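Everything numeric in this text was worked out from a predicted model, so none of it was measured. Each chain gets a letter, A, B and so on, in the order its sequence line appears, and its residues count up from 1.
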Protein chains: 2
Amino acid sequence: MMLSKSCIYGIQAAIYVSAHDSEEYVSISQIASELKISFHFLTKVLQQLTQAGLMISYRGPKGGVALARAAKDISLYDLVGAIDSTAIFTECLLGLPGCGVAAPCPAHDHWTKIRSELTTISRRVTLESMGKKASELNVRLSEEFRYAQSQYLDHKSAPANGHV
Amino acid sequence: MMLSKSCIYGIQAAIYVSAHDSEEYVSISQIASELKISFHFLTKVLQQLTQAGLMISYRGPKGGVALARAAKDISLYDLVGAIDSTAIFTECLLGLPGCGVAAPCPAHDHWTKIRSELTTISRRVTLESMGKKASELNVRLSEEFRYAQSQYLDHKSAPANGHV
DNA sequence: TTATATTTGGACAAAAGAGTCCGAAATCTT
DNA sequence: AAGATTTCGGACTCTTTTGTCCAAATATAA
């Protein structure tokens, strides 16, 4: 798998948060419920994002998480780096420890090219660009995702939210 | 990690085999010893490659494995597909099940581009091209790899090989 | 102050990946 | 035919990832 489950959950949650009013905290239980991710597991993933300084959290009623900076300033690269690691952007394909310019591994040249493109694009794709695409199309999230959303709204009616 | 350990071992072993005289089988214990991979583990990985039809195996003295077809006709794509899966070449970045043209996920466009490039290059890079690069440079394998090689030669002197 | 909501962080359980071991089957050599 | 070599395939262990649960800390509301 390209990215770990933790990482995918973290990205999805970050997109979800960025799509919300930045004036309020979004509770982790709400995110988990709508995205159909285990609440307790998501809790740990989001702790990684707050510890990495990408999100801020607030305890107690009306607490939750929020983006630490503007959505346009949080890239896919940041998220992946905070949860998995930046190894995917820097490591040799074959995992050979000494691989480099002096002693390139057999797939070195080709992989270097793909990797740098991967890095460039990951840095360019931000929560804002992903969120924008989402609201424009209104279908950006998979069937399952949307189903989860409707389920949630049925259950809980509009949650009373305060402000930061 | 981009590729599983099994996959990396399989690719390394395949490169090793392709660098040998195609008239003889290479024993798995020899490969494992030179590449410093657990023999028993490599055994299973290479079974996957033979079951996928990329290699052929032969039991008994002077047995081992050999490429099932010419090195130029076995690509990185084949190897990865046989051991990990082709999911990396086809799947959505965020792992959303319904992701596609009708309901693209937020990172869809960008990822599609990288993915198709990854696929193209993986199909184009073959055991031959990787092996060629290796013998040209004579440094293609990492320090560790070469160290393992010298260790092996010290220990065992030239192994007596028969022919297929 | 008391009750409630929410994140934090540690402990634990389950599943998957990585690695080890051993007996059986196939094949060569003597 | 007997013994040695080598792959095959199953069982097992160890580690990492994924997922669950609970008590403690923090904050709001009544």
Self-check item: B:K62 and B:E24 ion-paired at < 4.0 Å
Solution: no
Exercise. Take the protein atom NE2 of B:H40 and the nucleotide atom C1' of D:dT6, then report the distance between them rounded to whole Å.
Key: 12 Å
Self-check item: Heavy-atom check, side chain of A:K5 versus side chain of A:V45, under 4.5 Å
Solution: no
Practice problem: Could you tell me whether the side chain of A:L79 reaches within less than 4.5 Å of the side chain of A:L127, counting heavy atoms only? | Solution: yes
Exercise. Find which nucleotide of DNA chain C each of A:G63 and A:Q51 is nearest to by heavy atoms, and output the residue with the more 5' nucleotide.
Key: A:G63
Quiz item: Using 4.0 Å as the upper bound for N to carboxylate O, is an ion pair formed by A:R115 and A:E91?
Solution: no
Practice problem: Check every strand shown and say whether A:I28 touches a base, only sugar-phosphate, or nothing at a heavy-atom separation below 4.0 Å. | Solution: sugar-phosphate
Self-check item: Whole-Å distance separating the OH atom of B:Y25 from the C1' atom of C:dA26
Solution: 13 Å
Quiz item: CD1 of B:I37 versus P of C:dG17: gap in Å, rounded?
Solution: 19 Å
Quiz item: So which one's nearest nucleotide on DNA chain C is more toward 5', A:T50 or B:S38?
Solution: A:T50
Practice problem: Could you check which of C:dT4, D:dC8, D:dA4 has an atom nearest any side-chain atom of B:P61? | Solution: D:dA4
Quiz item: If you look at every strand shown and take non-hydrogen atoms under 4.0 Å, does A:T43 touch a base, only sugar-phosphate, or nothing?
Solution: base
Self-check item: Position toward the 5' end of DNA chain D (nearest nucleotide), A:R59 or B:F39
Solution: B:F39
Self-check item: Length of the CD-P vector between B:Q47 and C:dA26, whole Å
Solution: 14 Å
Quiz item: Which whole-number value in Å describes the distance from B:K62 NZ to C:dC28 P?
Solution: 10 Å
Exercise. For B:L42 and D:dG9, give me the distance from atom CG to atom P, rounded to whole Å.
Key: 16 Å
Exercise. Could you tell me whether B:Q48 contacts a base, only the sugar-phosphate backbone, or nothing, with contacts defined as non-hydrogen atoms closer than 4.0 Å?
Key: nothing
Self-check item: Pairwise side-chain contact, B:Y77 with B:R124, heavy-atom cut-off 4.5 Å (strictly under)
Solution: no
Quiz item: For the base of C:dG17, is there a side-chain donor-acceptor partner from B:K44 under 3.5 Å away?
Solution: no
Quiz item: Can you check whether B:S57 has a side-chain N or O nearer than 4.0 Å to OP1 or OP2 of D:dC8?
Solution: yes
Quiz item: Do any side-chain nitrogens or oxygens of A:K5 fall under 4.0 Å of OP1 or OP2 in D:dT17?
Solution: no
Quiz item: What is the distance from CE of A:M55 to P of C:dT8, rounded to the nearest Å?
Solution: 11 Å
Quiz item: Quick one: B:Y9 OH to C:dG19 P, roughly how many Å, whole number?
Solution: 4 Å
